[in-house]
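To keep things clear, I will list the structure first and then write my remarks on it.
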Amino acid sequence: MESLAALHSFSPTTTSLSFPPCRSSLFRRSPKPTSRFSSSATVTTFRPLRSPLLVAPSKPHCSFLSRRSLKPILLLPPIHASSKDDNDSTPAAASVQGAKLVPLVISVAIGLIVRFAIPRPAAVTAQAWQLLAIFLSTIAGLVLSPLPVGAWAFLGLTTSIVTRTLSFSTAFSAFTSEVIWLIVISFFFARGFVKTGLGDRIATYFVKWLGKSTLGLSYGLTISEALIAPAMPSTTARAGGVFLPIIKSLSLSAGSKPGDPSAKKLGSYLIQSQFQSAGNSSALFLTAAAQNLLCLKLAEELGVKFSSPWVYWFKAASLPAIVCLLVTPLILYKIYPPETKDTPEAPAMAAKKLEQMGPVTKNEWTMVGTMVLAVSLWIFGDALGIPSVVAAMIGLSILLLLGVLDWNDCLSEKSAWDTLAWFAVLVGMAGQLTNLGIVTWMSSCVGKLLQSLSLSWPAAFGVLQASYFLIHYLFASQTGHVGALYSAFLAMHLAANVPGVLAALALAYNTNLFGALTHYSSGQAAVYYGAGYVELPDIFKVGFTMATVNAIIWGVVGSLWWKFLGLY
């Protein structure tokens, strides 16, 4: 459920704790922005959480393993559990008021051109054509960002009502969507992982168990992310809140510094490995990224429905995703090797950190038990008559009753409420476009084109999937990509006689995989690149190489597996 703009809410280069003889920038009273993309990025102070991001002013040299009993003075800005995992919420710069003029003009102009300059097809009603113009203008604004995405989506919704394209009740109908509320509640679960420190503890255990070598360290971090993913539905939050601080601390302790030739000792490889593996972790579980849930909701709008969606998703993704997770660290170890091959100090560091963290706290055990219950209900809920959103509501209620989260935690999770707003707008407009016949008309046109080329459905499937994937070079958001193109591409698949479930799942899996193409392709991309360990040319080269590897594995292993499962 992630964009270049995420750098405004993350300043990853300030997340690490200091190591002798390195001095962390967090010890300065007024840290200078370190983001490669924004000179206005700032570090803010907020209510401390139990996380590895605490720093201690009382000790000149504070190790990666220190956390408890330290008085926090500065923290990274709050982690937004969203998908720009998966979400692209961008706080407006303090110096900018109102809409940005050029993006505003372009976004509005796109809608006006479609509405008044392009002749309306005879098969499309005036209402449907007007809604399409508003929808395209809204999508353009989500990409160009004349305003924060929630504000721009609200303007689009308002326009649809003011122009009497949609009635008030119809325009707001998607706000009652179970899928959208499941996404919102999942953000609160992610906050619980960060607040309790459970995500940090899990990752540290794997560093202790597998961290004797650089390759083992990479596998430990990859496996721990895969385990956390189903209960923390934001790759950006996992990257910025759990894994980047650990990677930076380990790298600094090995003398691998960002923006320095020593970066290739350890940090560059660990960043690339974690970054390229994250997409497969998000693709493995339905609840691992917010855009996954959005994809299934949009698929339902086109008549492609799933029984037991959590189980169905995991079963179809399991074999190709696990194969990719197993080979990605090894392939990168060969094509992008670290200079430091052995990290014998890492397990000792992790062990010391775990000792200082102390035994698992009551809140951590509560978090574990609640997530086991929630995931169990997601798996078996259909048989018990408990919908997925109700299972999530039960889990959140437990966390609130037992004090793991309080209501202020929920209220302050701004990205959750922002997502409720703009996801609901996109889903609602997409649903109405389907109801008014726009998607049917588009799919019919593409279907006729594919038929004229005499492509079989497997060939059409390959062409459409590749096109959907490569178009992401033009996007800075996974969820924005889904909102703009998922419904249209799924309709094209259906028009080409591709089995609906196969098409819907493959597009959704691709949505996660293209998050590692570039430094702007997702929120986690911005976080990891902003750490300063990887050069821009390497991001593009490795991104394209691993995209090719993923395409081969998912294309070969996935197609055989899906045939075995009966998807086609």
Side-chain angles (χ1 to χ4, degrees), residues 3-5 84 87-90 92 96-121 124-168 170-175 180 291 294 297-298 301 418-443 445 468 471-472 474-491:
S3 69
L4 175 64
K84 289 196 176 186
N87 298 327
D88 300 279
S89 303
T90 309
V96 178
Q97 295 184 359
K100 300 173 187 175
L101 184 58
V102 174
L104 174 65
V105 171
I106 295 174
S107 301
V108 173
I110 289 173
L112 293 176
I113 290 171
V114 172
R115 175 64 180 85
F116 297 105
I118 298 178
R120 175 173 59 87
V124 178
T125 65
Q127 180 189 10
W129 194 249
Q130 186 159 290
L131 181 59
L132 177 62
I134 296 171
F135 180 73
L136 293 177
S137 182
T138 303
I139 291 298
L142 295 182
V143 175
L144 299 175
S145 299
L147 287 171
V149 290
W152 185 254
F154 183 78
L155 289 181
L157 189 68
T158 302
T159 302
S160 70
I161 297 173
V162 170
T163 59
R164 298 185 179 180
T165 307
L166 298 175
S167 66
F168 184 89
T170 302
F172 278 86
S173 61
F175 281 81
I180 293 174
Q291 66 264 15
L294 179 59
K297 177 60 179 176
L298 294 176
E301 298 285 351
D418 184 53
T419 299
L420 171 64
W422 77 276
F423 264 32
V425 172
L426 281 183
V427 169
M429 285 189 178
Q432 290 306 312
L433 286 173
T434 300
N435 293 339
L436 294 173
I438 283 288
V439 174
T440 302
W441 168 73
M442 292 176 62
S443 63
C445 293
Y468 181 77
I471 286 174
H472 195 66
L474 305 178
F475 280 83
S477 160
Q478 288 170 290
T479 46
H481 190 137
V482 170
L485 298 177
Y486 183 88
S487 293
F489 268 81
L490 180 55

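- Considering all non-hydrogen atoms of both residues, Arg120 and Thr125 come closest at CD-O, 3.6 Å.
- Listed by chain and residue number, Met442, Met492 satisfy the side chain to side chain contact (heavy atoms under 4.5 Å, CB included) test with Ala488 (two or more places apart in sequence, or in another chain).
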Show your reasoning for whether side chain to side chain contact (heavy atoms under 4.5 Å, CB included) applies to Leu298 and Val482. CA-CA 9 Å; Leu298 294 176; Val482 170; 3.7 Å; yes
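- Residues Phe135 and Ser160 have side chains not in contact (no heavy-atom distance under 4.5 Å, counting atoms from C-beta outward).
- Environment of CZ in Phe172: crowded, with over 12 heavy atoms of neighbouring residues, nucleotides or ligands closer than 6.0 Å.
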For residues 102-115, tabulate all N or O donor-acceptor pairs below 3.5 Å that involve a side-chain atom, not counting sequence neighbours.
from	atom 1	to	atom 2	distance (Å)
Ser107	OG	Pro103	O	2.8
Ser107	OG	Gly141	N	3.4
Arg115	NE	Gln130	OE1	2.9
Arg115	NH2	Gln130	OE1	3.3

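- Taking OG1 of Thr479 as the reference point, atom CG of Leu426 lies at 8.0 Å (rounded to 0.5 Å).
- Once rounded to the nearest 0.5 Å, the distance linking NE2 of His481 with CZ of Phe489 reads 6.5 Å.
- Nearest heavy atom pair, residue Trp422 against residue Gly150, reads CB-CA, 4.1 Å.
- Taking CZ of Phe154 as the reference point, atom OG1 of Thr159 lies at 10.0 Å (rounded to 0.5 Å).
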I would like to know whether Val124 and Leu436 meet side chain to side chain contact (heavy atoms under 4.5 Å, CB included); could you show each step before the answer? CA-CA 8 Å; Val124 178; Leu436 294 173; over 6 Å; no
Stepwise side chain to side chain contact (heavy atoms under 4.5 Å, CB included) test for Leu131 and Ile438: CA-CA 9 Å; Leu131 181 59; Ile438 283 288; over 6 Å; no
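- Applying the side-chain hydrogen bond (donor to acceptor under 3.5 Å, both in side chains) definition to pairs two or more places apart or across chains, none involves residues 131-142.
- Atoms CE and CG, from Met429 and Leu132 in turn, are 11.0 Å apart once rounded to the nearest 0.5 Å.
- Just one residue in the list Ile139, Leu144, Leu157, Leu147 forms a side-chain contact (heavy atoms from CB on, under 4.5 Å) with Trp152, and that residue is Leu147.
- Counting all heavy atoms, side chain and backbone alike, Gln127 lies closest to Leu166 at NE2-CD2, 4.5 Å.
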